[in-house]
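Side chains are part of it too, since the values below use all heavy atoms of this structure and drop only hydrogens, waters and symmetry mates. Start at 1 and go down the list; that is how both ligands and their atoms are numbered. Here, residue 1 is the first one in the sequence, and each next residue gets the next number.
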Amino acid sequence: MIDTKVNIATGKLTGGGVVNSRRTIGDLKNVFLHEAVRAAMDPGTVVYEVQSHEAVPQGTPGGLFFGTSNVMPGQVGGEYFMTKGHYHARRECAEYYWCIEGTGALILMDEKGKCWYEPMAPGTLHYIPGYVAHRLANTGNTPLRVGACWPSDAGHDYASISESGFTARLMNVEGKPTLVPCGKE
Ligand code: PAN
Ligand code: ZN
(Lines give C-alpha, C1' and ligand atoms only; values in the text may rest on other atoms or scores of the structure.)
(Ligands and ions follow the chains in the order given, each with its own letter.)
Protein backbone atom coordinates (compact mmCIF):
# COMPACT_ATOMS: atom_id res chain seq x y z
CA MET A 1 0.00 0.00 0.00
CA ILE A 2 2.72 2.46 0.97
CA ASP A 3 4.48 2.05 -2.38
CA THR A 4 1.28 2.76 -4.32
CA LYS A 5 1.17 6.25 -5.76
CA VAL A 6 -1.52 8.33 -7.41
CA ASN A 7 -0.37 11.04 -9.78
CA ILE A 8 -2.59 13.90 -8.65
CA ALA A 9 -2.42 15.63 -12.05
CA THR A 10 -3.57 12.62 -14.09
CA GLY A 11 -4.97 10.09 -11.61
CA LYS A 12 -2.51 7.45 -12.88
CA LEU A 13 -1.86 4.73 -10.30
CA THR A 14 1.50 3.00 -9.95
CA GLY A 15 2.92 0.44 -7.54
CA GLY A 16 1.46 -2.46 -5.60
CA GLY A 17 -2.14 -3.64 -5.60
CA VAL A 18 -3.02 -1.85 -8.85
CA VAL A 19 -5.34 -3.74 -11.22
CA ASN A 20 -5.50 -2.59 -14.87
CA SER A 21 -8.27 -3.26 -17.35
CA ARG A 22 -9.04 -2.05 -20.85
CA ARG A 23 -12.10 -2.12 -23.13
CA THR A 24 -11.77 -1.82 -26.88
CA ILE A 25 -14.34 -1.32 -29.63
CA GLY A 26 -14.18 -5.09 -30.15
CA ASP A 27 -15.16 -5.72 -26.50
CA LEU A 28 -18.21 -3.47 -26.61
CA LYS A 29 -20.67 -5.41 -28.77
CA ASN A 30 -24.25 -4.11 -28.36
CA VAL A 31 -23.18 -1.33 -26.00
CA PHE A 32 -23.64 1.58 -28.42
CA LEU A 33 -26.92 2.51 -30.08
CA HIS A 34 -25.56 1.97 -33.59
CA GLU A 35 -24.18 -1.57 -33.34
CA ALA A 36 -23.55 -1.82 -37.08
CA VAL A 37 -21.33 1.28 -36.98
CA ARG A 38 -19.36 -0.17 -34.03
CA ALA A 39 -18.95 -3.52 -35.77
CA ALA A 40 -17.41 -1.77 -38.80
CA MET A 41 -14.82 0.08 -36.67
CA ASP A 42 -11.27 -1.12 -35.84
CA PRO A 43 -11.87 -3.63 -33.00
CA GLY A 44 -8.50 -2.73 -31.46
CA THR A 45 -9.40 0.92 -30.79
CA VAL A 46 -9.26 1.56 -27.05
CA VAL A 47 -12.47 3.09 -25.68
CA TYR A 48 -11.55 3.16 -21.98
CA GLU A 49 -9.07 1.95 -19.41
CA VAL A 50 -9.60 1.49 -15.69
CA GLN A 51 -7.02 1.27 -12.95
CA SER A 52 -8.09 0.29 -9.47
CA HIS A 53 -6.35 -0.09 -6.18
CA GLU A 54 -7.84 -3.04 -4.35
CA ALA A 55 -6.47 -3.09 -0.81
CA VAL A 56 -8.81 -5.90 0.27
CA PRO A 57 -10.35 -8.85 -1.62
CA GLN A 58 -13.44 -8.07 -3.72
CA GLY A 59 -16.58 -8.56 -1.67
CA THR A 60 -15.00 -7.59 1.66
CA PRO A 61 -17.68 -5.84 3.76
CA GLY A 62 -16.66 -2.40 5.03
CA GLY A 63 -13.67 -1.92 2.68
CA LEU A 64 -13.16 0.59 -0.09
CA PHE A 65 -11.71 0.53 -3.60
CA PHE A 66 -10.10 3.50 -5.32
CA GLY A 67 -9.68 3.87 -9.07
CA THR A 68 -9.16 6.00 -12.13
CA SER A 69 -11.11 5.64 -15.38
CA ASN A 70 -9.75 7.04 -18.65
CA VAL A 71 -12.31 7.35 -21.42
CA MET A 72 -10.78 8.17 -24.80
CA PRO A 73 -12.23 10.80 -27.14
CA GLY A 74 -14.32 9.36 -29.95
CA GLN A 75 -17.81 8.55 -31.15
CA VAL A 76 -19.76 5.60 -32.50
CA GLY A 77 -22.39 6.88 -34.94
CA GLY A 78 -22.64 10.18 -33.03
CA GLU A 79 -22.71 8.56 -29.58
CA TYR A 80 -19.76 9.55 -27.43
CA PHE A 81 -17.25 6.92 -26.32
CA MET A 82 -18.44 5.74 -22.92
CA THR A 83 -18.17 3.02 -20.32
CA LYS A 84 -20.48 -0.03 -20.33
CA GLY A 85 -22.24 1.26 -17.23
CA HIS A 86 -23.63 -0.72 -14.34
CA TYR A 87 -25.71 -0.85 -11.22
CA HIS A 88 -23.85 -2.10 -8.19
CA ALA A 89 -24.63 -5.75 -7.46
CA ARG A 90 -25.41 -4.58 -3.93
CA ARG A 91 -27.77 -1.94 -5.17
CA GLU A 92 -27.68 0.18 -2.03
CA CYS A 93 -23.95 0.91 -2.46
CA ALA A 94 -23.08 4.49 -3.42
CA GLU A 95 -19.91 5.83 -5.07
CA TYR A 96 -17.98 9.08 -5.50
CA TYR A 97 -16.60 10.20 -8.87
CA TRP A 98 -14.50 13.31 -9.45
CA CYS A 99 -13.21 14.70 -12.70
CA ILE A 100 -9.45 15.06 -13.00
CA GLU A 101 -8.94 16.02 -16.66
CA GLY A 102 -11.02 16.44 -19.79
CA THR A 103 -14.68 17.09 -20.50
CA GLY A 104 -17.51 14.64 -20.23
CA ALA A 105 -20.67 13.51 -18.58
CA LEU A 106 -21.79 11.18 -15.85
CA ILE A 107 -24.93 9.50 -17.17
CA LEU A 108 -27.26 8.21 -14.45
CA MET A 109 -30.42 6.10 -14.47
CA ASP A 110 -32.67 5.11 -11.59
CA GLU A 111 -34.48 1.77 -11.33
CA LYS A 112 -37.64 3.28 -12.86
CA GLY A 113 -35.64 4.13 -16.00
CA LYS A 114 -35.40 7.88 -15.38
CA CYS A 115 -32.16 9.02 -17.02
CA TRP A 116 -30.20 12.24 -16.54
CA TYR A 117 -26.61 13.45 -16.66
CA GLU A 118 -24.15 15.65 -14.82
CA PRO A 119 -21.54 17.56 -16.89
CA MET A 120 -17.94 16.83 -15.90
CA ALA A 121 -14.92 19.15 -16.05
CA PRO A 122 -11.74 19.20 -13.95
CA GLY A 123 -12.74 19.51 -10.28
CA THR A 124 -16.41 18.50 -10.52
CA LEU A 125 -17.46 16.12 -7.75
CA HIS A 126 -20.26 13.59 -8.26
CA TYR A 127 -22.08 11.54 -5.63
CA ILE A 128 -23.78 8.50 -7.16
CA PRO A 129 -26.48 7.30 -4.75
CA GLY A 130 -27.34 3.63 -4.35
CA TYR A 131 -29.89 2.12 -6.76
CA VAL A 132 -28.61 4.34 -9.59
CA ALA A 133 -26.86 2.95 -12.70
CA HIS A 134 -23.89 5.00 -13.88
CA ARG A 135 -21.67 5.39 -16.93
CA LEU A 136 -19.07 7.91 -18.13
CA ALA A 137 -19.00 9.56 -21.55
CA ASN A 138 -16.21 11.64 -23.05
CA THR A 139 -17.69 14.67 -24.85
CA GLY A 140 -14.34 16.36 -25.54
CA ASN A 141 -11.29 15.91 -27.74
CA THR A 142 -8.84 14.76 -25.04
CA PRO A 143 -8.95 11.81 -22.62
CA LEU A 144 -11.50 12.10 -19.80
CA ARG A 145 -9.83 11.08 -16.53
CA VAL A 146 -12.10 10.42 -13.57
CA GLY A 147 -11.29 9.28 -10.05
CA ALA A 148 -13.66 7.01 -8.14
CA CYS A 149 -14.10 5.51 -4.69
CA TRP A 150 -16.62 2.74 -3.98
CA PRO A 151 -17.31 0.00 -1.42
CA SER A 152 -15.33 -3.23 -1.86
CA ASP A 153 -18.54 -5.26 -1.61
CA ALA A 154 -20.51 -3.15 -4.14
CA GLY A 155 -19.83 -5.48 -7.09
CA HIS A 156 -21.00 -4.75 -10.64
CA ASP A 157 -24.30 -5.70 -12.23
CA TYR A 158 -23.73 -5.39 -15.99
CA ALA A 159 -26.47 -7.87 -16.93
CA SER A 160 -29.38 -5.53 -16.15
CA ILE A 161 -27.84 -2.91 -18.42
CA SER A 162 -27.11 -5.32 -21.28
CA GLU A 163 -30.70 -6.62 -21.12
CA SER A 164 -32.59 -3.34 -21.11
CA GLY A 165 -29.92 -0.68 -21.68
CA PHE A 166 -30.04 2.93 -20.53
CA THR A 167 -33.29 4.67 -21.54
CA ALA A 168 -31.39 7.61 -23.02
CA ARG A 169 -28.10 8.09 -24.85
CA LEU A 170 -25.71 10.98 -24.97
CA MET A 171 -25.38 11.94 -28.62
CA ASN A 172 -23.54 14.64 -30.51
CA VAL A 173 -26.42 16.67 -31.95
CA GLU A 174 -25.09 19.52 -34.08
CA GLY A 175 -21.92 19.58 -31.99
CA LYS A 176 -23.68 19.63 -28.61
CA PRO A 177 -23.99 16.74 -26.12
CA THR A 178 -27.70 15.94 -26.02
CA LEU A 179 -29.41 13.23 -24.01
CA VAL A 180 -31.70 11.50 -26.50
CA PRO A 181 -34.39 9.13 -25.16
CA CYS A 182 -34.18 5.83 -27.04
CA GLY A 183 -33.72 2.10 -26.93
CA LYS A 184 -31.34 -0.02 -28.97
CA GLU A 185 -31.26 -0.43 -32.73
C1 PAN B 1 -15.96 2.53 -12.00
C2 PAN B 1 -16.27 1.80 -13.31
C3 PAN B 1 -15.37 2.22 -14.48
C4 PAN B 1 -15.64 1.40 -15.75
O5 PAN B 1 -14.73 2.14 -11.49
O6 PAN B 1 -16.19 0.41 -13.07
O7 PAN B 1 -15.61 3.57 -14.79
O8 PAN B 1 -17.01 1.34 -16.06
P9 PAN B 1 -17.75 -0.06 -16.23
O10 PAN B 1 -17.47 -0.84 -14.96
O11 PAN B 1 -19.20 0.29 -16.35
O12 PAN B 1 -17.17 -0.75 -17.41
C13 PAN B 1 -17.10 2.21 -11.05
O14 PAN B 1 -18.16 2.75 -11.21
N15 PAN B 1 -16.93 1.24 -10.13
O16 PAN B 1 -17.95 0.90 -9.32
ZN1 ZN C 1 -19.77 1.86 -9.92
Side-chain angles (χ1 to χ4, degrees), residues 4 6 10-13 17-33 38 45-74 76 79-111 115-120 124-140 143-170 184:
T4 311
V6 55
T10 64
K12 187 175 169 61
L13 298 174
V18 176
V19 179
N20 297 285
S21 68
R22 166 180 282 192
R23 303 266 184 217
T24 63
I25 281 288
D27 296 325
L28 298 174
K29 189 170 182 203
N30 291 325
V31 168
F32 292 92
L33 179 63
R38 182 210 64 86
T45 300
V46 175
V47 178
Y48 63 99
E49 294 171 330
V50 182
Q51 290 195 295
S52 50
H53 181 260
E54 305 192 354
V56 292
Q58 292 206 17
T60 304
L64 292 171
F65 289 157
F66 180 95
T68 305
S69 297
N70 295 298
V71 186
M72 302 309 150
V76 177
E79 187 171 15
Y80 297 101
F81 275 14
M82 61 182 183
T83 59
K84 284 170 75 169
H86 58 268
Y87 289 101
H88 290 146
R90 287 191 58 155
R91 295 270 172 128
E92 72 274 21
C93 289
E95 181 164 5
Y96 271 114
Y97 276 7
W98 58 96
C99 182
I100 299 166
E101 265 192 330
T103 312
L106 169 60
I107 306 169
L108 301 158
M109 182 177 70
D110 68 18
E111 290 184 307
C115 205
W116 69 103
Y117 78 94
E118 297 178 2
M120 304 185 100
T124 56
L125 180 66
H126 308 266
Y127 180 75
I128 302 163
Y131 305 95
V132 171
H134 42 286
R135 82 166 16 140
L136 289 166
N138 185 343
T139 59
L144 173 69
R145 305 193 197 283
V146 173
C149 187
W150 68 100
S152 49
D153 59 349
H156 295 94
D157 170 11
Y158 296 107
S160 302
I161 300 302
S162 60
E163 277 155 29
S164 22
F166 275 61
T167 54
R169 287 162 177 281
L170 197 66
K184 291 189 178 183

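If you check the side chains of T45 and R38, you find no donor sitting under 3.5 Å from an acceptor. H156 and H88 form no side-chain donor-acceptor contact under 3.5 Å, judged by distance and modelled atom types alone.
When all heavy atoms of L144 and C99 are compared, the pair lying nearest together is CD1-SG, 3.9 Å. Taking every heavy atom of both residues into account, Y96 and L125 meet most closely at CD2-CD1, 4.0 Å. Scanning both residues, Y87 and V132, for their nearest heavy atoms gives CD2-C, 3.9 Å. The two residues G140 and P73 come nearest to each other via the heavy atoms O-CB, 3.5 Å.
When the N, O or S atoms of E95 are ranked by distance to the Zn ion (ligand 2), OE1 comes first.
At least one N, O or S atom of H88 sits under 2.8 Å from the Zn ion (ligand 2). The Zn ion (ligand 2) has no N, O or S atom of C93 under 2.8 Å away, backbone or side chain.
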Would you be so kind as to tabulate the donor-acceptor pairs closer than 3.5 Å made by side chains of residues 58-72, with sequence neighbours excluded?
| residue | atom | partner | partner atom | Å |
| --- | --- | --- | --- | --- |
| Q58 | NE2 | E54 | OE1 | 3.4 |
| T60 | OG1 | P57 | O | 2.5 |
| T68 | OG1 | G11 | O | 2.6 |
| N70 | OD1 | R145 | NH1 | 2.9 |

Quick check for students: name every N or O atom pair between ligand 1 and the protein closer than 3.5 Å, with distances.
| residue | atom | partner | partner atom | Å |
| --- | --- | --- | --- | --- |
| ligand 1 | 7 (O) | S69 | OG | 2.7 |
| ligand 1 | 10 (O) | H86 | ND1 | 3.3 |
| ligand 1 | 10 (O) | Y158 | OH | 2.5 |
| ligand 1 | 11 (O) | G85 | N | 2.8 |
| ligand 1 | 11 (O) | H86 | ND1 | 3.0 |
| ligand 1 | 12 (O) | Y48 | OH | 2.5 |
| ligand 1 | 14 (O) | H86 | NE2 | 3.1 |
| ligand 1 | 14 (O) | E95 | OE1 | 3.0 |
| ligand 1 | 14 (O) | E95 | OE2 | 3.0 |
| ligand 1 | 14 (O) | Y97 | OH | 2.7 |
| ligand 1 | 14 (O) | H134 | NE2 | 3.3 |
| ligand 1 | 15 (N) | E95 | OE2 | 3.1 |
| ligand 1 | 15 (N) | H156 | NE2 | 3.4 |
| ligand 1 | 16 (O) | H86 | NE2 | 3.3 |
| ligand 1 | 16 (O) | H88 | NE2 | 3.1 |
| ligand 1 | 16 (O) | E95 | OE1 | 2.9 |
| ligand 1 | 16 (O) | E95 | OE2 | 3.3 |
| ligand 1 | 16 (O) | H156 | NE2 | 3.3 |

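For the pair NE2 of H134 and NE2 of H86, the angle at the Zn ion (ligand 2) is about 80°; rounding is to 10 degrees.
The backbone N or O of L13 sits less than 3.5 Å from a side-chain atom of Q51, completing a donor-acceptor pair.
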